[in-house]
Amino acid sequence: QVQLVESGGGLVQAGGSLRLSCAAFARTFSTMAWFRQAPGKERDFVAAISWGGEHKHYADSVKGRFTIFRDNAKNTMYLQMNSLEPEDTAVYYCAAREGPLITTIKGSSGGLYGYWGQGTQVTVSS
């Protein structure tokens, strides 16, 4: 059974850092991504990465602060989050799909992704 399992969330002060992990079980995926959903808000795209890691796509709100990377030998994707802000507070979801990374607006759509993790809570205190 295909599973995506996130870990690494927690409580951190503003300006701090966290690293999220997403382990994929039972198969590998060409494109993997992170989305987040804050209370009362829609799910938003955060970042995505191609199979080899050479192509990445970020939401404007996290550029320069977050870094997405993956280790295919471990079938795991990561999100290094630095300079965290209270506005980053959300449940972070790992997502995966077949097909190449799309770096246009279209690539930010959660509808492209067929596989999702259960989410991990990130809370940034001011």
Side-chain angles (χ1 to χ4, degrees):
Q1 182 179 356
V2 176
Q3 275 190 307
L4 299 175
V5 180
E6 302 100 333
S7 61
L11 173 64
V12 64
Q13 288 188 329
S17 299
L18 281 175
R19 178 178 291 185
L20 305 183
S21 300
C22 171
F25 297 92
R27 65 170 293 177
T28 58
F29 296 94
S30 296
T31 300
M32 297 186 75
W34 291 98
F35 288 76
R36 66 186 182 185
Q37 187 167 20
K41 295 187 177 181
E42 294 185 350
R43 183 177 58 195
D44 288 333
F45 170 78
V46 176
I49 188 168
S50 61
W51 165 257
E54 68 276 20
H55 301 296
K56 303 177 181 180
H57 182 207
Y58 293 96
D60 288 342
S61 59
V62 306
K63 282 180 181 176
R65 300 189 299 122
F66 291 9
T67 301
I68 188 171
F69 60 102
R70 64 192 293 175
D71 182 345
N72 289 338
K74 297 180 178 179
N75 213 13
T76 300
M77 175 184 64
Y78 304 90
L79 185 68
Q80 178 66 42
M81 304 185 295
N82 298 330
S83 302
L84 282 162
E85 304 168 352
E87 293 73 22
D88 296 315
T89 295
V91 177
Y92 283 69
Y93 295 92
C94 169
R97 62 183 288 266
E98 287 304 329
L101 175 66
I102 300 171
T103 57
T104 62
I105 292 290
K106 178 182 177 181
S108 303
S109 171
L112 291 176
Y113 293 84
Y115 298 90
W116 294 85
Q118 81 288 351
T120 186
Q121 176 70 46
V122 171
T123 303
V124 184
S125 62
S126 57

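Being a predicted model, the structure only gives us computed values, none of them experimental.
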Does any part of the side chain of T120, heavy atoms only, come nearer than 4.5 Å to the side chain of L20, both counted from C-beta? yes
Check against ring pair (Phe, Tyr, Trp, His ring centres under 6.0 Å), Y92 and F35: CA-CA 6 Å; Y92 283 69; F35 288 76; over 10 Å; no
What about L18 and W34, same hydrophobic cluster or not, with Ile/Leu/Val/Met/Phe/Trp/Tyr joined at side-chain heavy-atom distances under 4.5 Å? yes
With hydrophobic residues grouped by side-chain heavy-atom distances under 4.5 Å, do W116 and V122 end up in a single group? no
To the nearest 0.5 angstrom, please state how far the CG atom of D71 sits from the CE atom of M77. 12.5 Å
Any salt bridge between E42 and R36, counting N to O under 4.0 Å? no
Apply the test side-chain contact (heavy atoms from CB on, under 4.5 Å) to residues V46 and L79: give CA-CA distance (whole Å), side-chain angles for both, the deciding distance (0.1 Å), then the verdict. CA-CA 10 Å; V46 176; L79 185 68; 4.1 Å; yes
Pairwise ring pair (Phe, Tyr, Trp, His ring centres under 6.0 Å) hits with a residue in residues 60-90, at least two apart: F69-Y78
Hydrophobic side-chain clustering at under 4.5 Å (ILVMFWY, transitive links): who's grouped with F25? Put none if nobody. V5
Does one hydrophobic cluster hold both L112 and W51, with members joined at side-chain heavy-atom distances below 4.5 Å? no
Quick check: is F45 connected to Y58 through a chain of hydrophobic side chains (ILVMFWY, heavy atoms under 4.5 Å apart)? no
Interatomic distance, T28 atom OG1 to N72 atom CG [nearest 0.5 angstrom]: 7.5 Å
